[in-house]
Amino acid sequence: MGKRDNRVAYVNPIAAARARGPVQNSGPTIQDYLSRPRPTWEELKEQLEKKKKGSRALADFEDKMNDKWRKELAKNREKLLGGSDKDKKPSDKEKEKKDKKEKRKREKKKSNRDEKKMKKKRKRKKSSARKGPNTSEEESDAESKV
């Protein structure tokens, strides 16, 4: 018993497509697109006028809403400004509180500055104390050489 032939023949894709025949298009062709019905010039003008009328109505509506919004803002401003007139003149007690707070802040700043200066001085003293004996030995060596 012989072996089966597993070889596959090469098929030219272009030749195969031609053998199948013309392709059925699904959708409008170029010819259909070019021969479609188009509106006349008068119909086009009417459509444009309708669009403008629609946008005018929208603009009128927006203007009305803006007017209402402005009126509301004016009312709210009057309420806020009316209430803030009382707050504009702070009482003597509030002034005293503010002055005390400012004084405390100033004192804290001064104390922080003084602490920093003291720390720097301490560091300098320690470093000079370390260098002190070394420098005295060098000076004595220099004197003995002379």
Participant: State plainly whether the residues Lys64 and Asp67 are in salt-bridge range, i.e. N to O under 4.0 Å.
Facilitator: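 Between Asp67 and Lys64 there is no salt bridge, as every charged N stays at least 4.0 Å from the carboxylate O atoms.
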Participant: For Gln31, does the CD atom have more than 12 heavy-atom neighbours from other residues, nucleotides or ligands under 6.0 Å away?
Facilitator: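 Result for CD/Gln31: open.
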Participant: Please give me the minimum heavy-atom distance between Leu34 and Arg38, naming the atom from each residue.
Facilitator: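 Nearest pair, atom of Leu34 first, then Arg38: O-NH2, 3.3 Å.
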Participant: Does any non-hydrogen side-chain atom of Thr40 lie less than 4.5 Å from one of Leu44?
Facilitator: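 With C-beta onward as the side chain, the pair stays apart.
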Participant: Out of curiosity, Lys103 NZ to Lys98 NZ, how far, rounded to the nearest 0.5 Å?
Facilitator: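 Nearest 0.5 Å value for the NZ-NZ distance: 15.5 Å.
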Participant: Mark yes when over 12 heavy atoms from residues, nucleotides or ligands other than Ile30 sit less than 6.0 Å from its CD1; otherwise mark no.
Facilitator: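 No, the 6.0 Å shell around CD1 holds no more than 12 heavy atoms from other groups.
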Participant: Look at the side chain of Arg36 and the backbone N and O of Tyr33, then say whether any donor-acceptor pair between them is shorter than 3.5 Å.
Facilitator: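 At least one qualifying donor-acceptor pair exists.
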Participant: Looking only at atom types and distance, does a side-chain atom of Asp32 sit under 3.5 Å from a main-chain N or O of Thr29, one as donor and one as acceptor?
Facilitator: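 Side chain of Asp32 to backbone of Thr29, a donor-acceptor pair under 3.5 Å: yes, one is there.
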Participant: Could you please spell out the steps behind the side chain to side chain contact (heavy atoms under 4.5 Å, CB included) verdict for Trp69 and Met65?
Facilitator: CA-CA 6 Å; Trp69 182 246; Met65 292 302 291; over 6 Å; no
Participant: Out of curiosity, Lys105 NZ to Glu102 CD, how far, rounded to the nearest 0.5 Å?
Facilitator: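 The distance works out to 7.0 Å.
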Participant: With rounding to the nearest 0.5 angstrom, report the CD to NZ distance, Glu49 to Lys45.
Facilitator: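 The NZ atom of Lys45 is 9.0 Å from CD of Glu49, to the nearest 0.5 Å.
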Participant: So does Leu73 have more than 12 non-hydrogen atoms from other groups sitting under 6.0 Å from CG?
Facilitator: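 Atom CG in Leu73 is packed in, count exceeds 12.
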Participant: Measuring from atom CD of Glu46 to atom NZ of Lys50, what distance do you get when rounded to the nearest 0.5 angstrom?
Facilitator: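 Output value for this atom pair is 6.5 Å.
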Participant: Return the CG to CZ distance between Asn12 and Arg18, rounded to the nearest 0.5 Å.
Facilitator: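 Nearest 0.5 Å value for the CG-CZ distance: 8.5 Å.
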